Amino acid sequence: MQEDYTIKIPSTSREPVLDVALDTIKQDKQAIVFVNSKRSAESVAEKITKKLNLTDKEKEFYNELSEKILKALSTPTRQCKRLALCVSKGIAFHHAGLNSTQRRLVEQNFRERKIKVICATPTLAQGVDLPAYRTIIRDLKRFTSRGMRSIPVLEYEQQSGRAGRPGMEKLGQAIVFAKDEKDKKYLIKKYLNGDPEDIISKLAVEPILRSYVLSLVATDYCKNFKELEEFFAKTFFAYQYQDDTELSIIMSRTLEKLKEWKFVTIQNKETSGFVSAKEYDNSNNARIRATILGKRVSELYLDPYTANFIISYLKENKIEPISLLFMFSNCIEIKPLLNVGVNMVEETEGWLQENEDFLGEESELMQEDYYELTRGVRTTMFFEDWINEFNEEELLNKYNVRPGEINAKIERLDWLIYSATELTRLTNKDLVKHLVRLRIRTRNGCKEELIPLLKFKNVGRVRARRLFKNNIKNVHDVKVIAYEKLSAILGKKLALNMKKEVGIVVEDVQETLL
DNA sequence: GGACGGTGAAACTTCAGGTTGCCTC
DNA sequence: GAAGTTTCACCGTCC
């Protein structure tokens, strides 16, 4: 049983959150502040920063760290600058928009007790293990598609659970804020004394079931409908809902689709004839096998629906980068799509009109949900700008997508392109080269013309662009250009290695370098 | 009188997040 | 639903 105790925190600002955070710093302890948006995380961190005064010695240390944060990107965005400013006073914010270097620096320095306060979105509560003396939970509500909703008790526990360092502190404090007495009672009842929500199985959700059915078949773990039923009868879903007829119905519907998409075959033993999935409901012994294509889909962890969507879309021979990017933007794997802000609507619609011809039927298909369509278009535009060498700051300004989110999106796109390439190898070999080129451009964020230069080690889009501007456009150009010129563009060491890669050894220089 | 700057109320806008594949220097 | 941001009217000051 925990002790009942009261703490008093002096009020020095109009915002209780700041008071608690400042008080923690005064006690020479650390705090994590949880808020419900990235913008708030940044704003609270900044407000705390403004109330702090550091000694010269502290300033020196933090400036160094701040510098590292700023230089995490070749073109610092305003987010980078903001974080650097906060860190220069020992405060940080943390959310999915930080790039990996910045995130690592923040976490590491908090662990080492250098950073005093982190203002974070719920990301921090889920993954990394970062305990603090205090967790200050400012927001217990969050925006959802159905408006503002209280966060689940489970999530409150995740966040409050960050308070107290095992083996280091006797005590941890988790602080929430009540508007009034009534609110206080509600919070105590719901969060402090309430039970966490039940966990609900999502197995019967079709995209998930599709993937599992295919994978069970592809690995030969289940060979017929009966075995599938037996397998699913042992799952948490079946345990939770008792009645598994619903699951059987969805399962046979799923199987029908998998067959239609040519990912599985269903063969009746007795007659050696193929049967449709519907008939086959009654003959549970019919052998189910994954096709080669089906196996590959399963190995790639693709939703079979997506796989089929990609294969059909590519049959239209829409091979322009825009078309391909639009296709990928309409795969469920790429979600959530980018938001279309009020000031972006016009631009997005303009782009759509201009490029409609490239997009295929999908753009009409989606008319039923116009807002979703524009979000898909927006995402396509974002990808297009990325492979046209927009830098992080430009993307942040145009799309309100932060560096960390850029990386996450691009990585997902990269995976989808890879998967599409693999499927295309089995279905439409002619398209492989287009996808391969798009993948190179996606990974590097660059235009077509730089591709030949990216083959060199340690040459990414920035250096490739520099070479290109100097009229060095391919392997041959690298071969023939004078070493001195090349080294003037990219520095000695890199120039040397590039020459080596094209089979030219620049001997005397190499010696002086060593 | 006009330029400028500070202030605050009102209007407007936006809102968390991560696992899959494969390879590479 | 609420925080953060932008806009705009208002006022005071200075030249």
Side-chain angles (χ1 to χ4, degrees), chain A residues 14-15 17-18 33-47 78 82 93-98 100 103 119-128 137-152 154-155 158-159 177 179 183 202 207-208 211-212 214-215 296-304 306-307 331-345 399-402 404-405 407-423 425 435-436 439-440 442-444 454-460 463 493-494 497-498 500-501:
Chain A
R14 278 185 204 163
E15 290 184 58
V17 177
L18 300 188
V33 182
F34 284 110
V35 293
N36 64 5
S37 73
K38 294 191 274 282
R39 208 163 52 170
S40 288
E42 296 180 18
S43 147
V44 172
E46 204 165 53
K47 281 182 197 161
R78 58 189 147 89
R82 205 173 183 190
F93 54 83
H94 187 290
H95 53 59
L98 268 60
S100 57
R103 201 184 298 197
C119 302
T121 56
T123 355
L124 202 65
Q126 289 162 5
V128 279
I137 304 173
R138 192 194 69 175
D139 300 330
L140 284 166
K141 288 189 171 172
R142 187 167 51 238
F143 181 82
T144 70
S145 51
R146 290 165 299 148
M148 227 45 176
R149 289 281 184 278
S150 291
I151 64 168
L154 270 174
E155 234 182 273
Q158 275 285 349
Q159 298 187 5
F177 302 87
K179 281 195 289 287
D183 194 31
K202 292 213 173 107
I208 296 175
S211 305
Y212 277 105
L214 181 57
S215 110
R296 197 69 190 113
V297 170
S298 178
E299 283 165 3
L300 292 165
Y301 283 87
L302 272 183
D303 177 357
T306 299
C331 296
I332 45 174
E333 283 84 350
I334 213 78
K335 287 182 179 186
L337 298 171
L338 301 202
N339 284 324
V340 187
V342 279
N343 57 346
M344 304 174 188
V345 174
Y399 297 96
N400 195 25
V401 176
R402 299 164 168 82
E405 298 164 305
N407 293 342
K409 273 274 171 285
I410 294 303
E411 205 172 300
R412 269 189 103 75
L413 176 63
D414 177 48
W415 162 52
L416 277 180
I417 300 177
Y418 171 77
S419 300
T421 316
E422 290 298 295
L423 296 182
R425 284 186 209 286
L435 286 162
V436 167
R439 184 160 183 233
I440 297 172
T442 299
R443 293 177 76 106
N444 292 282
L454 294 168
K455 294 191 180 94
F456 291 97
K457 285 173 197 163
N458 297 316
V459 175
R463 284 166 173 168
K493 198 159 185 185
L494 200 60
N497 287 333
M498 287 180 72
K500 213 173 179 178
E501 275 183 69

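Chain identifiers are assigned alphabetically (A, B, ...) following the order of the sequence lines, protein sequences preceding nucleic acid strands; residue numbering begins at 1 within each chain. Not measured: the values here are computed from a predicted model.
Residues meeting the salt bridge (Lys or Arg N to Asp or Glu O under 4.0 Å) test with A/R425, sequence neighbours left out: A/E422. Here A/K409 pairs with nothing under the salt bridge (Lys or Arg N to Asp or Glu O under 4.0 Å) rule; sequence neighbours left out. Scored by the side chain to side chain contact (heavy atoms under 4.5 Å, CB included) test, A/N458 finds A/R463, A/L494 as partners (sequence neighbours excluded).
Rounded to an integer number of Å, the gap from NE2 of A/H95 to C1' of B/dT14 is 14 Å. Atom CD of A/E42 is separated from atom C1' of B/dA16 by 14 Å (rounded to the nearest Å). In this structure, A/I334 atom CD1 and B/dG18 atom P are separated by 15 Å, rounded to whole Å. If you measure from atom CG of A/N407 to atom P of B/dG18, you get 12 Å, rounded to the nearest angstrom. The CE atom of A/M148 sits 12 Å away from the C1' atom of B/dA16 (whole-angstrom rounding). Protein atom CG of A/L98 is 14 Å distant from nucleotide atom P of B/dA16, rounded to whole Å. One interatomic measurement links the two molecules: NZ of A/K409 to C1' of B/dG17, which rounds to 10 Å at whole-angstrom precision. Counting to the nearest Å, the C1' atom of B/dG18 and the CG atom of A/L413 are 16 Å from each other.
Stem analysis of DNA chain B (Watson-Crick or G-U pairs, both distances under 3.5 Å, runs of at least three) returns B:1-15 with C:1-15.
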(message) I'd like to know whether A/E333 forms a salt bridge (charged side-chain N to carboxylate O under 4.0 Å, His left out) with A/R412, so could you lay out the CA-CA distance, the side-chain angles of the two residues, the decisive distance to 0.1 Å, and finally the verdict.
(response) CA-CA 8 Å; A/E333 283 84 350; A/R412 269 189 103 75; over 6 Å; no
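Residue contacts for A/K455: at a heavy-atom cut-off of 4.0 Å it reaches no nucleic acid atom on any strand shown.
Proximity of A/K38 to the phosphate of B/dG17: a side-chain N or O atom is located under 4.0 Å from OP1 or OP2. At the phosphate of B/dC15, OP1 or OP2 sits under 4.0 Å from a side-chain N or O atom of A/N339. A sub-4.0 Å separation between OP1 or OP2 of B/dC12 and a side-chain N or O of A/N343 is absent.
In this structure, the side chains of A/E501 and A/K455 stay at 4.5 Å or more apart for every pair of heavy atoms. Looking at A/F93 and A/V33, their side chains never come closer than 4.5 Å, going by heavy atoms from C-beta outward. Side-chain contact between A/P207 and A/K202: absent, with no pair of heavy atoms (C-beta onward) separated by less than 4.5 Å.
Exactly one of A/L413, A/L416, A/N444, A/D414 qualifies for a side-chain contact (heavy atoms from CB on, under 4.5 Å) with A/R439. That residue is A/D414.
Look at A/K38 and A/E405 and you find a salt bridge, because one of the NZ, NE, NH1 or NH2 atoms lies within 4.0 Å of a carboxylate O, short of that distance. Between A/E299 and A/R296, at least one side-chain nitrogen of the basic residue sits less than 4.0 Å from a carboxylate oxygen of the acidic one, meeting the salt-bridge criterion.
With P as the reference atom, C/dG1 and B/dG18 are 28 Å apart, rounded to whole Å.
Of all heavy-atom pairs spanning A/R138 and A/S40, the tightest one is NH2-OG, 3.1 Å.
Where A/V340 and A/T123 each meet DNA chain B at their nearest nucleotide, the meeting point lying more 5' is that of A/V340.
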(message) Counting primed atoms plus P, OP1 and OP2 as sugar-phosphate and everything else as base, spell out the protein contacts along nucleotides 20-25 of chain B at 4.0 Å heavy-atom distance: B, S or - for each nucleotide, 5' to 3'.
(response) BBB--S
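Of all nucleotides in DNA chain C having an atom under 4.0 Å from a heavy atom of chain A, the first and last in 5' to 3' order are C/dG1 to C/dT5.
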